[in-house]
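For the numbers below, each heavy atom of this structure counts, side chains included, while hydrogens, waters and symmetry mates do not.
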Amino acid sequence: MSSSGEWQCVRRGKAAARRGKAARSEKPTTSEPSEPPEPGDRQRDKRRITDAVNDLRDEDFWLEWRDVLCGRLAESAGHSCIDKTVREDECRLDCVCYGLGNFSSCVSARYQLAMLLLLFDALQIPVGQCSMYDPVFTVSECEILRELGFTVLTENEEGKRAVCRPTLFYLMHCGKALYNNLLWRNWSPHILPKVIVIGNSFLGIQERMLQRELERDYSFLSDIIDVCEETSLPCSQRFVDVFNDTALIRFPPDKLHKLPESIWTNPSEPQYQHCQDLEIIQRENRS
């Protein structure tokens, strides 16, 4: 963020992005053999993350991500700061990342983490403004994330996080219930515009489900699909398993107000009684 309070995107040209490193053409595999913990494991894993960041920086599709996201995210943060009565700390862009997976052993998760780090660098967002949680994180992975500057949450929020300022939710290949829970917790035409999602295409979810099941099990997702603004994010064939079906999703106020007022009244917390495969890990000791 600049001294004037506006987001600035650091743009590095394609030549600069490629300088000093030859692009590798091999396709990343989805997993690696697990290894017993060793004293040097964290340093090894951090080097792998750095390598993944450098690898993605060489990809043409990262430049497309950068240009799209810098423009859209700066625009979303800027809309919240038009009102001069809003404090400067309420204009900053926070970030929450759920469901990243075991990046120490899963290459896809590692590249998704690398993409997030590249985005922070381009937008000049301090890593400390991002909270991370996945119930599958190992102790070592939590330590690595803290060493990188992330805030590691200790409670499984199930996606039910209320926002009070513009917040980017990085939800790569997460379960439908996580998106549905996030929408429920912020179900207001005044709050949802502060929510920005990088994750599964909502339109893709709709195409892969029977409409009656989507409406029954994920009603908030079903209700919002027609009024959200979705921008597809590209990927190369090499990274199709890592970034396929990914989109930037926003909730413009003018579109939200097209929904009937009754839809916003007394939203009931999702229960998922009919879902056999919920796709998320729920909190323990649920009442």
Side-chain angles (χ1 to χ4, degrees), residues 30 94-103 106 108-109 112-113 116 130-137 152-163 167-189 191-230 232-233 241-251 256 259 263-287:
T30 57
D94 285 343
C95 178
V96 179
C97 174
Y98 295 131
L100 181 66
N102 295 117
F103 57 85
C106 176
S108 290
Q112 289 164 2
L113 174 57
L116 185 60
C130 184
S131 299
M132 306 277 285
Y133 184 80
D134 193 319
V136 306
F137 281 157
V152 180
L153 303 174
T154 57
E155 179 183 353
N156 184 355
E157 300 175 337
E158 298 180 344
K160 301 170 184 176
R161 168 168 288 227
V163 306
T167 303
L168 170 65
F169 287 87
Y170 192 71
L171 311 176
M172 301 295 292
H173 296 174
C174 287
K176 294 181 287 293
L178 204 64
Y179 297 102
N180 199 55
N181 288 347
L182 175 64
L183 292 169
W184 165 74
R185 192 65 183 85
N186 297 282
W187 196 247
S188 160
I191 300 299
L192 277 176
K194 300 179 189 294
V195 174
I196 309 146
V197 175
I198 296 177
N200 300 5
S201 162
F202 285 6
L203 293 173
I205 291 173
Q206 184 182 47
E207 290 172 358
R208 290 188 294 270
M209 284 195 72
L210 293 174
Q211 186 62 29
R212 65 175 182 274
E213 293 181 358
L214 184 64
E215 294 172 359
R216 180 194 67 194
D217 298 333
Y218 308 103
S219 60
F220 298 98
L221 192 53
S222 174
D223 287 337
I224 210 69
I225 285 176
D226 288 337
V227 294
C228 65
E229 181 180 282
E230 183 170 305
S232 296
L233 296 172
D241 293 335
V242 183
F243 298 111
N244 67 303
D245 199 38
T246 301
L248 172 68
I249 301 164
R250 300 187 300 163
F251 309 95
L256 295 178
L259 293 174
I263 207 169
W264 306 107
T265 306
N266 299 323
S268 299
E269 183 172 0
Q271 298 299 321
Y272 307 112
Q273 296 174 341
H274 302 285
C275 295
Q276 295 181 349
D277 181 12
L278 195 54
E279 302 175 329
I280 68 169
I281 298 175
Q282 295 179 290
R283 288 193 301 267
E284 296 180 358
N285 302 319
R286 290 173 59 87
S287 56

What residues form a side-chain hydrogen bond (donor to acceptor under 3.5 Å, both in side chains) with D226, not counting sequence neighbours?
->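 Expected list: none.
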Less than 4.5 Å apart, any side-chain heavy atom of [X] and any of [Y]?
X    : Y    : answer
V197 : L182 : yes
F251 : N186 : no
T246 : I198 : yes

- Task: Tell me yes or no: between the side chains of Q112 and Y170, is some donor less than 3.5 Å from an acceptor?
- Result: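 No, because no side-chain N or O of Q112 sits under 3.5 Å from a partner of the opposite role on Y170.
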Worksheet item: Any donor and acceptor pair, going by atom type alone, linking the side chain of N200 with main-chain N or O of I205 inside 3.5 Å?
Response: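 No: the side chain of N200 does not pair with the backbone of I205.
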| message | Could you check whether any side-chain N or O of N180 sits under 3.5 Å from a backbone N or O of L221, counting only pairs where one atom can act as donor and the other as acceptor? | response |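 Present.
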Review point. Can you list every pair that meets ring-ring contact (aromatic ring centres under 6.0 Å, His included) and has a residue in residues 197-218, with sequence neighbours left out?
Key: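 Sorted result for residues 197-218: Y179-F202, Y218-Y272.
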>> For D245, is there an ion pair with R208 - N to carboxylate O distance below 4.0 angstrom?
In response: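 A salt bridge is present here (some side-chain N lies under 4.0 Å from a carboxylate O).
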- [ ] Could you tell me whether E230 and R250 make a salt bridge, using a distance below 4.0 angstrom between a side-chain N and a carboxylate O?
- [x]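 Judged by the 4.0 Å cut-off on N to carboxylate O distance, E230 and R250 do not form a salt bridge.
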Who pairs with E155 by side-chain contact (heavy atoms from CB on, under 4.5 Å), at least two apart in sequence or on another chain?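 For E155 the side-chain contact (heavy atoms from CB on, under 4.5 Å) partners, ignoring immediate neighbours, are R283.
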Taking the six-membered ring for Trp, are W264 and W187 parallel (under 30°), tilted (30 to 60°) or perpendicular (over 60°)?
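Aromatic pair W264/W187 classed tilted.
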